[in-house]
Number of protein chains: 4
Amino acid sequence: MAGNSFGNVFKLTTFGESHGEAIGGVIDGCPPGLEIDFKAIETEMARRKPGQSDIVTQRKEPDTVTFLSGIFEGKTTGMPIGFTIKNNNQKPKDYAHIKDVYRPSHADYTYQKKYGIRDYRGGGRSSARETACRVVAGAIAKQLLKSVKIHAYTSSVGTIYLEKPYQALDFNKIESNAVRCPDPDVAAKMIEKIKTVRKAGNTIGGTVTCVLQNVPAGLGEPVFNKLHAELGKAMLSINAVKGFEYGSGFCGAEMMGSDHNDLFATDGTTKTNLSGGIQGGISNGMDIYFRVAFKPVATIIQRQSALNTSGELVNMQGKGRHDPCVVPRAVPIVEAMAALVLADYYLLNKLY
Amino acid sequence: MAGNSFGNVFKLTTFGESHGEAIGGVIDGCPPGLEIDFKAIETEMARRKPGQSDIVTQRKEPDTVTFLSGIFEGKTTGMPIGFTIKNNNQKPKDYAHIKDVYRPSHADYTYQKKYGIRDYRGGGRSSARETACRVVAGAIAKQLLKSVKIHAYTSSVGTIYLEKPYQALDFNKIESNAVRCPDPDVAAKMIEKIKTVRKAGNTIGGTVTCVLQNVPAGLGEPVFNKLHAELGKAMLSINAVKGFEYGSGFCGAEMMGSDHNDLFATDGTTKTNLSGGIQGGISNGMDIYFRVAFKPVATIIQRQSALNTSGELVNMQGKGRHDPCVVPRAVPIVEAMAALVLADYYLLNKLY
Amino acid sequence: MAGNSFGNVFKLTTFGESHGEAIGGVIDGCPPGLEIDFKAIETEMARRKPGQSDIVTQRKEPDTVTFLSGIFEGKTTGMPIGFTIKNNNQKPKDYAHIKDVYRPSHADYTYQKKYGIRDYRGGGRSSARETACRVVAGAIAKQLLKSVKIHAYTSSVGTIYLEKPYQALDFNKIESNAVRCPDPDVAAKMIEKIKTVRKAGNTIGGTVTCVLQNVPAGLGEPVFNKLHAELGKAMLSINAVKGFEYGSGFCGAEMMGSDHNDLFATDGTTKTNLSGGIQGGISNGMDIYFRVAFKPVATIIQRQSALNTSGELVNMQGKGRHDPCVVPRAVPIVEAMAALVLADYYLLNKLY
Amino acid sequence: MAGNSFGNVFKLTTFGESHGEAIGGVIDGCPPGLEIDFKAIETEMARRKPGQSDIVTQRKEPDTVTFLSGIFEGKTTGMPIGFTIKNNNQKPKDYAHIKDVYRPSHADYTYQKKYGIRDYRGGGRSSARETACRVVAGAIAKQLLKSVKIHAYTSSVGTIYLEKPYQALDFNKIESNAVRCPDPDVAAKMIEKIKTVRKAGNTIGGTVTCVLQNVPAGLGEPVFNKLHAELGKAMLSINAVKGFEYGSGFCGAEMMGSDHNDLFATDGTTKTNLSGGIQGGISNGMDIYFRVAFKPVATIIQRQSALNTSGELVNMQGKGRHDPCVVPRAVPIVEAMAALVLADYYLLNKLY
C-alpha cells in the first residue's frame with residue numbers, strides 16, 4: 001500500500017515531483033496488440049496542460065510524453081509501458097520563499113509531519129503536476145475501451161450551476177469553450193466569474209459531472225469493490241476533490257423508495273435511472289453518471305497568514321501565475337480516472 | 001481483486017449469503033496481545049441488529065458471533081481471527097415469489113447478468129446482512145484505536161436535517177433515541193417521519209455524519225491512497241450509499257480560496273477546519289468529519305412493477321417486515337468502516 | 001501482506017489453530033456455475049488425513065468440511081466460498097508439558113519472538129493441520145482445471161530413491177500403497193524404512209515429485225511472477241519444505257548449454273524437456289515437473305534437549321503419536337498447491 | 001498480478017526491453033530520510049555489468065542510472081523513486097536473423113504464444129538486462145538494512161564445487177577474482193573451465209550460495225508468506241534459475257529427525273543450524289543461507305536447430321558476444337533480491 005499505484009489488472013504506478021527532473025509512470029497489464037494512437041494521447045495531455053487558455057494557470061508545461069518500453073512497432077506488447085515527462089520549469093529559487101513555511105490548506109504541513117522531510121519546490125509530489133501521468137494512462141485506457149463513451153464537463157463554478165441534466169446536453173460542445181461547459185450561456189457566465197476571481201488573485205471551486213455510456217452490464221465486484229466505490233476512490237484521489245456522488249446522490253437521500261426505485265422495461269433497461277447505472281455495485285448497462293466536487297485551489301495571490309517551521313505566523317503571498325479555477329483542467333483528469341477504473345474491470349471481466 | 005477483502009495490513013475478508021448456513025469472515029493482520037472486549041463487540045452488533053426498535057426492520061437476527069481462531073486466553077495472537085455468525089432465518093419458501101423476478105433497484109438483475117446464477121433468497125450476498133461481518137471487524141479495530149474517538153449519527157432523514165454542526169452536539173445522546181440523532185427535537189421529527197413512511201409500506205433515505213477525533217497527523221498516503229479516498233471507498237461500499245463528502249464537501253465547491261483556506265494557529269492546528277482534518281490526503285491532527293448519503297431501501301410493501309426472467313413485467317409486492325429507513329442501523333456500520341480504514345493506516349504507520 | 005492469503009484471482013484465505021475450535025478458509029474468486037463434486041473433495045481430504053495407514057501419524061482428524069456460502073443448489077455462485085473444519089481433538093492438557101518449552105526445530109521460539117504470545121497447543125497455527133484448508137481449496141481448483149492432469153508422488157524417503165523418470169511410471173499406482181510411490185518395489189523399501197524409523201520414535205525426510213500435464217502454453221508472468229517462481233513459493237510455503245527444483249533443477253547447473261537446450265520439433269513441442277515445461281517463466285505446453293524436499297518432522301519420540309522460557313535447557317520427550325515421515329501425506333498437499341497456482345493463472349489468462 | 005512488481009511495503013516495479021529506449025523502475029515505499037550512497041549503487045551496478053572481466057559477456061552496457069524523483073538534497077523523501085537506465089546498444093539489425101525464429105530454450109516461443117507479439121530484439125523483456133533494475137533497487141535496500149550482512153558467491157560452476165561450508169570462507173575474497181568464488185584455488189579451476197567453455201562457443205551452469213547475517217529474529221509470515229518462500233520466489237524469478245534450497249535443503253530430505261533437529265543453547269541460539277536460520281517461516285536470529293541453481297545460458301555460438309514462425313526447423317547460430325557462464329554476474333543479483341525481500345519484511349515488522 002505504498003500508495004503510488006492504482007488498479008489491479010490494468011495498473012498504473014506513478015512517480016515524480018513538480019520540480020524534479022521528470023515525472024513518469026509505468027502501466028502494467030495493458031493487453032498486447034493494441035495499436036497506440038499517440039495523437040490521441042497528445043490531445044488529452046493538451047486538455048490538461050496549463051496555459052491552454054486565459055482562465056487557467058499560465059505556468060508552462062510542454063508535457064511531452066516519452067514512451068520507453070512496452071510498445072513495439074506502434075503496438076503494445078503486453079510488457080509494462082514505462083514513460084516519462086520532463087519537468088522544464090526547474091527554478092528552485094522561485095520557491096525559496098516557501099522553504100520554511102507551511103502554506104495554509106496545502107500539504108506542506110502534513111508532508112513534514114508524516115515524512116520529516118519534503119521537497120518544497122512547487123509542492124513537490126503534492127503538486128497537481130502528478131495528474132499528468134494519470135492522463136497518459138487514462139488516454140491509453142480509453143483506447144482499450146473503444147465502445148465506451150466517456151464525457152466529463154464542468155457542471156458548476158462557485159454558485160453558477162449548469163442546471164440541465166446531462167441528457168439535455170450536447171457533449172460535442174464541451175471543448176468549444178475554455179471552461180468545458182457544454183451550455184454556451186452558462187459557460188460564458190462561468191468564464192466571466194473565473195476572470196473576476198483571477199483578477200482578485202483569488203480562486204474558486206466547482207464541480208465536474210461525468211457520464212459513462214455503453215458500459216456493458218456486469219462490471220464491478222459486489223461487496224467491497226463496488227463499481228461506484230472504485231470510481232469514488234479514483235475521483236477522491238484527485239487533488240482538491242472534496243466529494244463524490246453518483247446517480248441520485250445526496251438528493252437521493254431525501255427521497256422515498258416508491259419514487260426512487262427504477263422500474264424495468266421489458267428489455268432489462270430501466271425507465272428511470274436514479275441508480276446511476278449501478279445496482280448492487282455492478283453496472284446494469286444504463287448510463288453511469290456521477291459528480292465530483294472540487295474545492296478552490298489553496299494558492300491565492302493575496303496576503304495571508306502562514307506558519308513557519310519555527311512555529312511563528314508569518315505573512316506570505318503567492319507569487320507568479322496561479323490557477324483561479326482548477327475545474328476546467330480537472331475535466332480530462334476525471335475522464336482519465338474513470339477510464340482507468342473501467343479498464344481494470346474490463347480486463348478483470350475478460351471483456352477485452 | 002476478487003472483491004471480498006478490505007484493507008491491506010489490517011485486512012478483513014468476508015463471506016456469506018443472507019440465507020445460507022452462516023456468514024463470517026477472517027481478520028488478518030490484527031496485532032498480537034490485544035485483549036479482546038467481547039462485550040463491546042456484542043454492543044456494536046446489537047446497534048446494527050434488526051428488531052432493536054420499532055423504526056427498523058423486525059426481521060430477527062440474533063447475530064451471535066463465534067470466534068474460531070486467533071484469540072487465545074482472551075488475547076489476540078497475531079494469527080488470523082476467523083469468525084462465523086449463523087443464519088437462523090433460513091426459510092427459502094419465503095422467497096419463492098422472487099425466484100424468477102428481478103426486483104426494481106435491487107441487485108437481482110445485475111447479479112444474474114454478471115454471474116449467470118444467483119442465490120435469490122433474501123438477496124443472497126447482496127443483502128445488507130453482510131455488513132454484520134464489517135461490524136465485528138470494526139469493533140475489534142476500534143479496540144486497537146483506543147485513543148481515537150469515532151462518532152457517527154443520523155444527520156438527516158428525508159428532508160428533515162440536523163442543521164447544527166457537529167461541534168454543537170453532545171455525542172453521548174446519539175444512543176438515547178431510536179434514530180441515533182443526538183438532537184432530541186430533530187430526532188423526534190425523524191422518528192415521526194419514519195413511522196409514517198413505515199405505515200405506508202414505503203422507505204426513506206437519509207444521511208449519516210461521522211466525526212473522527214484524536215487522529216494523529218500523518219495518516220494517509222499522498223497520491224492514490226489518500227486518507228479521504230479510502231474513507232470514501234469504504235463508505236461507498238456500504239449497501240445503499242449514493243454519495244460521500246468530507247470537510248467542506250460539495251459546499252466547498254461553491255467557495256473561494258480566500259474563504260476556504262484554513263489559517264494556522266502557532267501550534268500547527270488550524271483556526272477553521274474546512275479541510276476536514278485532511279490535507280494532501282494526509283491527516284493533520286484536526287477532527288476528520290464526513291457525510292454519507294443513503295438512498296431509500298428498494299424493498300417496499302407496495303405494489304410495483306418488476307421484470308421476470310422471461311422478460312415480462314409483473315406486479316409484485318414485498319412481503320413481511322421491511323426496513324423503512326436504513327439510516328439508524330447504518331450508523332454503526334459507518335463507524336465500523338471508518339475504524340477499519342484507520343486501523344489499516346495505524347498499522348501501516350507503525351502507530352500501534 | 002498479512003500472510004494468510006494465497007493467490008490473486010483465485011484466492012484462498014485460511015485461519016485456524018491446531019487446537020482451536022475450528023480451522024477454515026475463504027475461497028474468493030471461484031467462477032460461478034461450477035458444479036461441485038463434494039465426493040472428490042472428501043477423497044482429497046482422506047488422502048491428507050492422519051491415521052489413513054500405519055506409516056503416518058495416528059492422530060484422529062475426521063476432517064469433515066462444512067461449506068457455509070458460495071454454493072447454491074450444488075453450484076458455485078461466484079460468491080466467496082466459506083468453509084470450516086471442526087477440531088475434535090481439543091485436549092489442552094496434552095500440551096501442558098510444552099507450554100513453557102521451545103521444542104527444537106519447531107516454530108515455538110520464533111512465534112514467541114515475533115508475537116510475544118503463542119497458542120502452544122499442538123503448535124497452534126504452525127501445525128500442519130493448517131494444510132487441510134489448502135487441500136479443500138486445491139480440490140475445488142482441480143475441478144476448475146478439468147483438462148489438466150496433476151500427479152504427485154513420493155520420489156524418495158531418506159536415501160531410498162525412486163530412480164525412474166516420471167515418464168516410466170504408472171501414475172495409477174500412486175494410491176496403491178501407503179507411501180504413495182508408484183513403483184511397488186521401491187514403495188516396499190520405503191515403507192519398511194518408515195516402519196523402522198517409527199519404531200525408533202524417529203522421523204525421516206524425503207522428496208515429492210509432481211507432474212502437471214496438459215497445461216496450455218501461455219501461463220505465467222514473465223518477470224517477477226514467473227510460473228515456476230509461484231510454484232516454488234507455493235511449495236516452500238508447505239510445512240517442512242527445504243527445497244524446490246523444476247525441470248533439470250540442480251542437475252541442470254552442472255550442464256552445458258549445448259546439452260541443456262531443448263530443440264524444437266516442427267509442431268512447437270520440444271524433443272527433450274530439461275526446461276520442465278516453462279521457458280521465460282511461461283508454460284510452453286510441455287509437461288511441467290518439479291521436485292520438493294521435505295525435512296524430517298521435528299517431533300520425535302526420543303529424549304532431547306529443549307529450551308524453556310526461563311532460558312534453561314531441559315530434557316523433553318514427544319508424547320503420543322508422531323508422524324515418522326510426512327512425505328506420503330504431503331503428496332496431496334503438493335498437488336493442492338499446484339492446483340491453486342494453476343487455477344490462479346488460468347483465470348488471469350481467461351482460460352476458464 | 002500484472003507481474004512487473006515485487007514486494008509489498010518496499011515495492012519495486014520495473015519496465016523495459018533489452019533494445020528499447022531505456023529500462024527503469026519505480027521503488028515505492030522507501031522510508032524518508034535515508035541518505036543515498038550513490039557510489040555504492042554504482043559499485044553494485046558494476047558487479048552486474050557485462051564486460052567486467054574476460055569470463056563474462058563482452059556486450060557493452062554503461063548502465064548509468066538516472067534518478068528522476070524521490071530523492072531531495074541527497075536523501076529519500078518517502079516519495080516513489082523513479083529511475084531509468086538508457087540502452088546504448090540499440091541496433092535492431094543485429095537481431096534481424098532471429099525475427100522469425102524461436103531460439104531453443106529461450107522465451108521467444110512462449111512470449112509469442114502468450115502475447116501474439118514480441119519485441120524480438122535481444123530477447124526484449126525476457127533479456128537478463130531487466131535484472132539491472134533489480135540491482136538498483138537492491139542497492140538501496142541494502143542501505144536500509146545497514147546492520148545486515150548479505151554475501152553471495154559462486155559455489156559451483158558445472159561440476160566444480162566449492163566444497164567448504166560458508167563458515168570456512170573469507171567473504172572478503174569474493175570480489176578478488178572474476179568468478180566471485182572466495183576460495184582462490186577453486187576459483188582458478190572455475191575460471192579455467194569457463195574459458196574453455198567460452199572458446200567452444202558453449203555455456204555452463206552453476207550455483208550461487210547466499211548468506212544473510214545479523215538478521216533479527218521475527219522476520220517472515222508464518223503461513224503462505226514464509227520468509228524462505230519469499231526468498232525462494234525472489235530467486236526463482238531471476239532468469240535461468242532452476243532450483244532453490246535453504247538450510248539443509250535437498251540433503252535434509254535424506255536425514256532423520258534426531259540428526260536434523262537444531263538443539264538450543266541457553267541464549268536461544270542453536271548449536272547447529274540445519275534450519276538455515278528460519279523456523280516455521282520466521283527468522284530465528286541465526287545465519288540464513290540458501291543455494292540457487294542456474295542453468296547454462298541458452299545462447300550458444302554453435303550451430304543448432306531452431307523453429308521458425310512458419311513451422312520449419314532451421315539451422316541457426318548465435319552471433320557476437322555470448323555469456324559463457326551467467327553465475328558470476330548473478331551473484332550481485334541474488335544479493336539484490338535477498339535485500340529486497342528483507343527490506344520488505346523489515347518495514348512490515350517496523351524494524352526501520
Side-chain angles (χ1 to χ4, degrees), chain C residues 1 3-4 6 8 104-105 107 110 113-114 126 158-159 202-207 217-218 221 223-226 228-229 232-233 236-237 242-245 247-250 252-258 260-264 266 275 279-280 282 284 293-298 300 302 305 307 311, chain D residues 1 3-4 6 8 104-105 107 110 113-114 126 158-159 202-207 217-218 221 223-226 228-229 232-233 236-237 242-245 247-250 252-258 260-264 266 275 279-280 282 284 293-296 298 300 302 305 307 311 348:
Chain C
M1 192 161 87
N4 294 286
F6 187 83
N8 294 277
S105 288
T110 53
K113 277 281 169 181
K114 185 178 181 75
S126 74
T159 54
N202 215 336
T203 58
I204 192 162
T207 59
E221 295 298 313
V223 180
F224 295 112
N225 298 329
K226 290 183 165 80
H228 55 267
K233 178 180 166 178
L236 288 156
S237 79
K242 301 299 286 185
F244 170 86
E245 60 177 8
S248 62
F250 277 89
E254 296 190 344
M255 294 175 72
M256 281 195 283
S258 54
H260 196 279
N261 284 352
D262 292 316
L263 300 185
F264 281 104
T266 51
S275 298
Q279 286 170 334
I282 301 168
N284 67 353
F294 290 83
K295 69 162 190 170
V297 172
I300 57 177
Q302 296 186 352
S305 162
L307 184 68
Chain D
M1 191 161 85
N4 295 285
F6 187 84
N8 295 278
S105 289
T110 52
K113 278 281 170 182
K114 185 179 181 74
S126 74
T159 54
N202 214 336
T203 57
I204 193 162
T207 60
E221 295 298 314
V223 181
F224 296 112
N225 299 328
K226 289 184 166 82
H228 55 267
K233 177 181 167 179
L236 288 157
S237 79
K242 301 300 286 185
F244 170 87
E245 61 177 8
S248 64
F250 278 89
E254 297 190 341
M255 293 176 72
M256 282 195 282
S258 54
H260 195 279
N261 284 352
D262 292 316
L263 300 184
F264 282 104
T266 51
S275 298
Q279 287 171 333
I282 302 167
N284 68 353
F294 290 83
K295 68 161 189 169
I300 57 177
Q302 296 186 353
S305 162
L307 183 69
L348 192 71

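FYI, side chains are in, hydrogens and waters are out, and symmetry mates aren't considered; it's all heavy atoms of this structure. To find a chain, count down the sequence lines: A is the first, B the second, and so on, and within it residues start at 1.
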message: Parallel, tilted or perpendicular, judged at 30° and 60°: which one describes the rings of F224(D) and F6(C)?
response: tilted
field: Partner chain D: residue of K295(C), H228(C), Q302(C), K233(C) with the largest heavy-atom pair count (under 4.5 Å)
entry: K233(C)
task: List in chain and number order the residues that pass side chain to side chain contact (heavy atoms under 4.5 Å, CB included) with Q279(C), two or more places apart in sequence or in another chain; answer none if no residue qualifies.
output: D262(C), S275(C), N284(C), S105(D), T110(D)
field: Value rounded to 0.5 Å, distance of NE2 in H260(C) from CD1 in I204(D)
entry: 12.0 Å
Minimum-distance pair of heavy atoms, taken over all atoms of F244(C) and F250(D): N-CE1, 3.6 Å
query: For chain D, which of G280(C), P296(C), A229(C), G205(C) has the most heavy-atom pairs under 4.5 Å?
result: P296(C)
- request: Look at L307(C), T207(C), I300(C) and state which one has the largest set of heavy-atom pairs under 4.5 Å with chain D.
  value: L307(C)
message: Given 3.5 Å as the limit, does a donor-acceptor pair link the side chain of K226(C) with the main chain of S237(D), or not?
response: yes
Interface moiety of F294(C) toward chain D, non-hydrogen atoms closer than 4.5 Å: backbone
message: If we define contacts as heavy-atom pairs under 4.5 Å, which of G158(D), S248(D), G252(D) has the most with chain C?
response: G158(D)
task: Quick one: list whatever passes side chain to side chain contact (heavy atoms under 4.5 Å, CB included) with T159(D), sequence neighbours left out.
output: E254(C)
query: Counting only N and O atoms by type, is there a donor-acceptor contact under 3.5 Å from the side chain of T203(D) to the main-chain atoms of M256(C)?
result: no
task: With a 4.5 angstrom heavy-atom cut-off, could you sort out which part of S258(C) is near chain D: side chain, backbone, both or neither?
output: both
field: N202(D) side, atom CG; N261(C) side, atom CG - distance, nearest 0.5 Å
entry: 8.5 Å
query: Does K114(C) reach the main-chain N or O of G218(D) with its side chain, forming a donor-acceptor pair under 3.5 Å?
result: yes
statement: Smallest heavy-atom separation, A293(D) atom then G249(C) atom, equals CB-O, 4.1 Å
query: Do you know which of A107(C), A217(C), S305(C), G243(C) has the most heavy-atom pairs with chain D at a distance under 4.5 angstrom?
result: G243(C)
